[in-house]
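Heads up, the thing below is written out as structure tokens.
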Protein chains: 2
Amino acid sequence: MSSRTRVPDELHETVVSRLARLGQRYTTNRKSLVAMLWAEGRPMTLPEMLEADAALAQSSAYRNLVVLEEAQVLHRLVTTGPFACWELAEDLTGHHHHHLICRSCGVVEDFTASPDLERLLGKAVGQAGSAAGFVAEDHRLDLLGTCNNCR
Amino acid sequence: MSSRTRVPDELHETVVSRLARLGQRYTTNRKSLVAMLWAEGRPMTLPEMLEADAALAQSSAYRNLVVLEEAQVLHRLVTTGPFACWELAEDLTGHHHHHLICRSCGVVEDFTASPDLERLLGKAVGQAGSAAGFVAEDHRLDLLGTCNNCR
DNA sequence: CTAAGATTGAGGATCATTCTCAAAAAGGTC
DNA sequence: GACCTTTTTGAGAATGATCCTCAATCTTAG
Ligand SMILES: [Mn+2]
Ligand SMILES: [Mn+2]
Ligand SMILES: [Zn+2]
Ligand SMILES: [Zn+2]
């Protein structure tokens, strides 16, 4: 829905350097995936990506998504649905966020928590160590409900 | 780790009535699954359950877990791992909680958030509607890190 | 231009999960 | 108990998302 038109040069350059660290190139196929996720502005499943760009081969898309994940360019979401779901890494969009997940259709939208909430989440991460020697480093928050489309 | 020994009669009765609503029986196999999750006190994956009780047949276990989920007796967790992971429904344990997830071995432990944090989470759920017509009803919080065993 | 290495994509392999179906078990009624 | 009906079971087959293989093609370095 967001439809940002062009991937900023700076983002492309960052992607190039992260891939380079792994001896990987920023090919046309990989650019397509990054540009598509940038333009869409929300996480996309693999079938959505294949449909959005008919030139993508399934096996190559799967492989490239993993490469981009290893390069910390993309982030694979944890979902209930049957398909892998991907978004740009947070440090590339500069936008720490969480997700609204529709229980009916499974669509995922971004959502920014209030500063107060983020502060308490950080505190919870710091204090988790008390529980059975677990050391927390990060948090993940999803709000579950019904999207505009499904109501 | 928790090793609660016996499932309280009240819990069994609740399970019986929830299954009855769907015309389903509380069979030995289903009792084994419920008792095992009660005793273990943390979410278990399907292979863990099969290993813990060699009498369980894989295909029946899968089927019964789904039946128990439909009866709202069990809850299927969303994980990165390859296996389905289950726990008792929160309203059966009377214990709203979240999860500590080990990035290394994938083990899941329960975790209770502070009242302040829960209050802000509830507030976030209520306010989510402002974002593009999404109506949130529930929240899910995971803390990601390293378990005692993996450190 | 050439050689070395990376990438591609069609098709096959993998594997968690679901489905099928005949046998067994559980209730209900007498 | 016997009898009938419905549910449950479990072994094996089917499904399907994902990953792997490998020969062909593309890129880059020299
Ligand atoms: Mn997102
Ligand atoms: Mn739990
Ligand atoms: Zn929806
Ligand atoms: Zn661990």
Side-chain angles (χ1 to χ4, degrees), chain A residues 12-13 15-36 43-71 73-87 106 108, chain B residues 12-13 15-36 43-71 73-87 106 108:
Chain A
H12 272 319
E13 281 159 29
V15 174
V16 167
S17 78
R18 292 195 185 182
L19 284 169
R21 285 202 301 244
L22 304 180
Q24 303 273 1
R25 298 169 186 161
Y26 196 28
T27 64
T28 307
N29 279 340
R30 293 171 186 174
K31 253 181 199 146
S32 293
L33 295 170
V34 169
M36 182 184 301
M44 295 179 78
T45 64
L46 187 110
E48 281 173 343
M49 295 190 222
L50 292 182
E51 190 180 21
D53 183 349
L56 292 174
Q58 190 185 57
S59 61
S60 301
Y62 271 112
R63 189 184 331 97
N64 284 328
L65 288 168
V66 171
V67 169
L68 289 165
E69 183 184 27
E70 286 167 351
V73 171
L74 299 188
H75 176 233
R76 191 199 295 240
L77 270 63
V78 183
T79 71
T80 30
F83 299 110
C85 191
W86 305 82
E87 68 181 353
V108 181
Chain B
H12 272 319
E13 280 160 30
V15 174
V16 168
S17 79
R18 292 195 185 183
L19 283 169
R21 285 201 301 244
L22 303 181
Q24 303 273 0
R25 299 169 186 162
Y26 196 27
T27 64
T28 307
N29 280 339
R30 292 171 186 173
K31 253 180 200 144
S32 293
L33 295 171
V34 168
M36 181 184 301
M44 295 179 79
T45 64
L46 187 111
E48 281 173 343
M49 295 188 219
L50 293 182
E51 191 180 18
D53 183 349
L56 292 174
Q58 189 186 56
S59 62
S60 301
Y62 271 112
R63 191 187 328 98
N64 285 328
L65 289 167
V66 171
V67 169
L68 289 166
E69 183 185 26
E70 285 167 352
V73 171
L74 299 188
H75 175 233
R76 191 199 295 240
L77 269 64
V78 183
T79 70
T80 31
F83 300 109
C85 190
W86 305 83
E87 68 181 353
V108 180

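Per chain, numbering begins at 1; letters A, B, ... match sequence-line order.
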[X] [atom1] - [N] [atom2] separation (whole Å):
X: B:Tyr62; N: C:dC15; atom1: OH; atom2: C1'; value: 9 Å
X: A:Leu46; N: D:dT18; atom1: CG; atom2: C1'; value: 9 Å
X: B:Leu33; N: D:dG10; atom1: CG; atom2: P; value: 11 Å
X: A:Glu70; N: C:dT7; atom1: CD; atom2: P; value: 12 Å
X: A:Lys31; N: D:dC26; atom1: NZ; atom2: C1'; value: 14 Å
X: B:Trp86; N: C:dA16; atom1: CH2; atom2: P; value: 16 Å
X: A:Gln58; N: C:dA13; atom1: CD; atom2: C1'; value: 14 Å
X: B:Leu50; N: D:dT9; atom1: CG; atom2: P; value: 14 Å

Nearest 0.5 angstrom please: [X] [atom1] to [Y] [atom2], how far?
X: B:Arg76; Y: B:Leu68; atom1: CZ; atom2: CG; result: 12.0 Å
X: B:Leu77; Y: B:Thr45; atom1: CG; atom2: OG1; result: 11.0 Å
X: A:Thr27; Y: A:Asn64; atom1: OG1; atom2: CG; result: 5.5 Å

Exercise. Check whether the side chain of B:Arg25 and the base of C:dG27 form a donor-acceptor pair under 3.5 Å.
Key: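 Answer is no: no donor-acceptor pair is held.
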Would you say [X] reaches [N]'s phosphate, i.e. side-chain N/O to OP1/OP2 under 4.0 Å?
X: A:Asn29; N: C:dT7; value: no
X: B:Arg30; N: D:dT8; value: yes
X: A:Thr27; N: C:dT8; value: yes

Practice problem: Select one nucleotide: of D:dC19, D:dT9, D:dT18, the one nearest the side-chain heavy atoms of B:Arg63. | Solution: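 The listed nucleotide nearest to B:Arg63's side chain is D:dT9.
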Quiz prompt | Options C:dG9, D:dT9, D:dG12, nucleotide nearest the side-chain atoms of B:Asn64 | solution =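 Per side-chain heavy atoms of B:Asn64, the pick is D:dT9.
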Quiz item: Hey, does A:Ser60 reach any base, or is it just sugar-phosphate, or nothing, if we go heavy atoms under 4.0 Å?
Solution: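 Base, at least one base heavy atom under 4.0 Å.
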Quiz item: B:Gln24 near the nucleic acid: base, sugar-phosphate alone, or nothing, with a heavy-atom cut-off under 4.0 Å?
Solution: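 Sugar-phosphate contact only - B:Gln24 comes under 4.0 Å of backbone atoms but never of a base.
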Practice problem: Decide yes or no for B:Gln24 and B:Val73: does some side-chain heavy atom of the first lie under 4.5 Å from some side-chain heavy atom of the second? | Solution: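 When only atoms from C-beta onward are counted, B:Val73 and B:Gln24 do not touch, as no gap falls below 4.5 Å.
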Self-check item: B:Glu48 side chain near B:Phe83 side chain, heavy-atom distance below 4.5 Å
Solution: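 When only atoms from C-beta onward are counted, B:Phe83 and B:Glu48 do not touch, as no gap falls below 4.5 Å.
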Quiz prompt | 5′-ward residue of the pair B:Ala84/A:Thr28 relative to DNA chain C | solution =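 This one resolves to A:Thr28.
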